[in-house]
Amino acid sequence: MSAAIGDGKAVCVTGASGYIASWLVKLLLQRGYTVKASVRDPNDPKKVEHLLALDGAKDRLRLFKADLLEEGSFDPIVEGCVGVFHTASPFYHDVRDPQAELLDPALKGTLNVLKSCSKAQSVKRVVLTSSMVAVAFTGQPLTVDVVVDENWFSDPEFCRKTNMWYALSKTLAEDAAWKFVKEKGINMVTINPGLVIGPLLQPTLNTSAAAIANLVNGAQTFPNASTRLVNVKDVADAHVLAFENPSASGRYCLVERVAHYSEIVRILRELYPSLQLPEKCTDDKPLAPSYQVSKDKARSLGLDYIPLEQSLKETVESLKEKGLVKF
């Protein structure tokens with residue numbers, strides 16, 4: 001496909017300074033789109049300098065201030081856009097007030113953006129960044145013979161009972177989004193990535209890359225957990241493919257591999273033999289089993305995954321370059 005496929009057409013990216021969104025902005029500019037990007041603070045150099053430095057940014061990137069919780073604040077950004085990529089949603093683990101910190105911004109923020117989309121005649125498709133945490137947690141044990149696919153939907157009650165607040169925020173937001181677009185006749189596709197790793201464009205450490213940074217930065221133990229991993233470049237790619245491919249529909253699970261943290265440590269040790277990596281697991285229980293996530297639907301978009309080994313190497317090299325890990 002030619003780089004000029006966007007042909008100057010306007011698209012909106014919310015939460016543009018984030019990890020996935022920064023790569024998405026880069027890709028959209030490369031493909032010739034004009035990008036109207038929302039950030040919480042356009043005057044914060046940590047949030048916007050890396051975006052302004054992207055190829056094509058000078059001519060085709062416009063930054064806007066917007067607040068997820070303020071109804072109507074996305075109206076002027078969405079106006080005139082053919083596509084809207086809603087990636088803005090808080091993600092962190094140390095939560096004191098789940099409702100205010102995660103649930104409200106995810107749920108109300110998504111509905112506010114979609115309300116703005118419903119007012120704009122120009123919008124042809126919305127691509128919503130959801131998550132595998134809105135897919136995999138049904139309460140059913142995830143064991144070796146289980147294959148998770150796009151028909152799964154996390155159970156809000158199970159997420160509540162187990163205090164999985166981020167999973168709950170993404171599950172409620174995606175569920176509300178599907179109901180809203182059905183009612184309003186909006187064309188929407190969701191992208192549901194696992195734990196996103198790979199190179200960082202932004203200067204600050206984000207929650208998902210921190211999972212790798214912690215192992216490299218001298219953690220004594222690794223978690224007894226299996227996690228779903230995917231490269232940030234594949235995630236950005238999938239967003240664009242889901243927008244540009246007329247037959248794309250529904251949800252797309254994005255996971256290159258489900259790996260136990262012991263396997264992640266093993267790969268890191270092979271890549272960086274001199275690193276002080278954790279030798280033991282946080283507990284003595286049997287290792288949490290790995291399961292599978294179907295790749296069929298993502299492949300139908302034309303997505304070819306970057307292997308986990310390469311993703312881990314890219315993550316560490318990027319963290320090193322930004323001074324976010326000690327070597």
Side-chain angles (χ1 to χ4, degrees), residues 13 15-31 46-47 50-51 53-55 85 87-89 91-93 127 129-133 166 170 191-217 219 222-223 225-242 252-261 263-272 275 277 293 295 298-299 301-325 327:
V13 177
S17 56
Y19 185 31
I20 296 169
S22 296
W23 274 100
L24 183 52
V25 171
K26 180 183 167 101
L27 211 52
L28 291 164
L29 289 171
Q30 271 174 2
R31 295 176 79 73
K46 274 204 176 107
K47 298 275 189 232
H50 67 284
L51 296 174
L54 295 170
D55 281 353
F85 298 88
T87 75
S89 193
F91 174 30
Y92 42 88
H93 298 304
V127 181
T129 312
S130 186
S131 170
M132 279 303 299
V133 299
Y166 176 64
K170 295 304 274 187
I191 302 294
N192 297 66
L195 186 78
V196 183
I197 60 171
L200 292 73
L201 291 178
Q202 84 284 0
T204 49
L205 186 61
N206 55 291
T207 304
S208 59
I212 307 304
N214 293 342
L215 296 173
V216 174
N217 268 339
F222 54 81
S226 289
T227 187
R228 308 152 293 276
L229 296 132
V230 63
N231 192 299
V232 66
K233 294 185 284 187
D234 288 338
V235 179
D237 240 345
H239 280 74
V240 176
L241 290 166
Y252 290 88
C253 293
L254 294 196
V255 176
E256 193 275 328
R257 198 177 315 171
V258 180
H260 191 275
Y261 273 94
E263 189 185 345
I264 296 169
V265 170
R266 181 185 60 74
I267 297 167
L268 288 170
R269 192 168 276 127
E270 279 170 18
L271 290 168
Y272 302 98
L275 269 184
L277 290 158
V293 176
K295 295 182 178 180
R299 289 218 170 105
L301 275 180
L303 198 67
D304 201 8
Y305 285 113
I306 296 165
L308 176 58
E309 289 77 4
Q310 188 185 331
S311 295
L312 286 168
K313 189 171 174 55
E314 288 182 0
T315 312
V316 174
E317 292 303 321
S318 178
L319 291 168
K320 201 159 75 169
E321 182 203 326
K322 293 189 184 294
L324 296 169
V325 290
F327 254 68

Show, in sequence, the C-alpha distance, side-chain angles and deciding distance for Ile212 and Val316, and conclude whether the side-chain contact (heavy atoms from CB on, under 4.5 Å) test is met. CA-CA 8 Å; Ile212 307 304; Val316 174; 4.2 Å; yes
Run the numbers on Glu270 and Glu309 for side-chain contact (heavy atoms from CB on, under 4.5 Å), then give the verdict. CA-CA 10 Å; Glu270 279 170 18; Glu309 289 77 4; over 6 Å; no
Let's go through Phe85 and Thr129 carefully: what are the C-alpha distance in whole Å and the side-chain angles of both, what is the deciding distance for side-chain contact (heavy atoms from CB on, under 4.5 Å) to 0.1 Å, and is it a yes or a no? CA-CA 7 Å; Phe85 298 88; Thr129 312; 6.0 Å; no
Going through the checks in order, is the side-chain contact (heavy atoms from CB on, under 4.5 Å) test met by Ser311 and Glu256? CA-CA 10 Å; Ser311 295; Glu256 193 275 328; over 6 Å; no
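Nearest approach of Val293 to Cys253, heavy atoms of both residues: CG1-CB, 3.9 Å. The two residues Tyr305 and Leu254 come nearest to each other via the heavy atoms OH-CA, 3.3 Å. Contact detail for Ala211 and Tyr261: the closest heavy-atom pair is CB-OH, 3.9 Å. Heavy-atom minimum distance, Leu54 versus Ser22: CD1-O, 4.2 Å. Between Ile20 and Pro193 the shortest heavy-atom distance is CD1-CG, 4.4 Å. Across all non-hydrogen atoms, the minimal contact from Val230 to Gly194 is CG1-N, 3.8 Å.
Here the side chains of His239 and Val235 are in contact, with some heavy-atom distance below 4.5 Å. At a threshold of 4.5 Å between non-hydrogen side-chain atoms, the residues Val240 and Val127 do not count as touching.
In this structure, Leu271 CG and Glu317 CD are separated by 9.0 Å, a value rounded to the nearest 0.5 Å. The NZ atom of Lys295 sits 9.5 Å away from the CG atom of Asp304 when rounded to the nearest 0.5 Å. Distance check: Ile191 CD1 to Leu301 CG gives 6.5 Å after rounding to the nearest 0.5 Å. Between Ser17 atom OG and Leu201 atom CG the span is 11.5 Å, to the nearest 0.5 Å. Taking CG from Leu24 and OG1 from Thr87, the interatomic distance works out to 7.0 Å, rounded to the nearest 0.5 Å. Rounding to the nearest 0.5 Å gives a distance of 10.5 Å between NE2 of His260 and OG1 of Thr227.
Counting only distance, with no hydrogens or angles, the side chain of Lys170 and the backbone of Met132 share no donor-acceptor pair below 3.5 Å. Not one N or O on the side chain of Asp237 forms a donor-acceptor pair closer than 3.5 Å with the backbone of Leu27. Distance alone, capped at 3.5 Å, places no donor-acceptor pair between the Thr315 side chain and the Pro199 backbone. Distance alone, capped at 3.5 Å, is enough to place a donor-acceptor pair between the Asp234 side chain and the Ile306 backbone. Of the possible polar contacts, none joining the Lys322 side chain to the Thr204 backbone as a donor-acceptor pair under 3.5 Å is found.
Scanning for salt bridge (Lys or Arg N to Asp or Glu O under 4.0 Å) contacts around Lys46 gives an empty result, with sequence neighbours left out. Residues forming a side-chain contact (heavy atoms from CB on, under 4.5 Å) with Asn206 (at least two apart in sequence, or on another chain): Tyr19, Leu200, Gln202, Ser208, Ala209. Contacts of Glu263 classified as salt bridge (Lys or Arg N to Asp or Glu O under 4.0 Å), with partners at least two apart in sequence or in another chain: Arg257, Arg266.
Residue Leu312 is tested with Asn231, Leu215, Val216, Ile264 for a side-chain contact (heavy atoms from CB on, under 4.5 Å); the sole match is Ile264.
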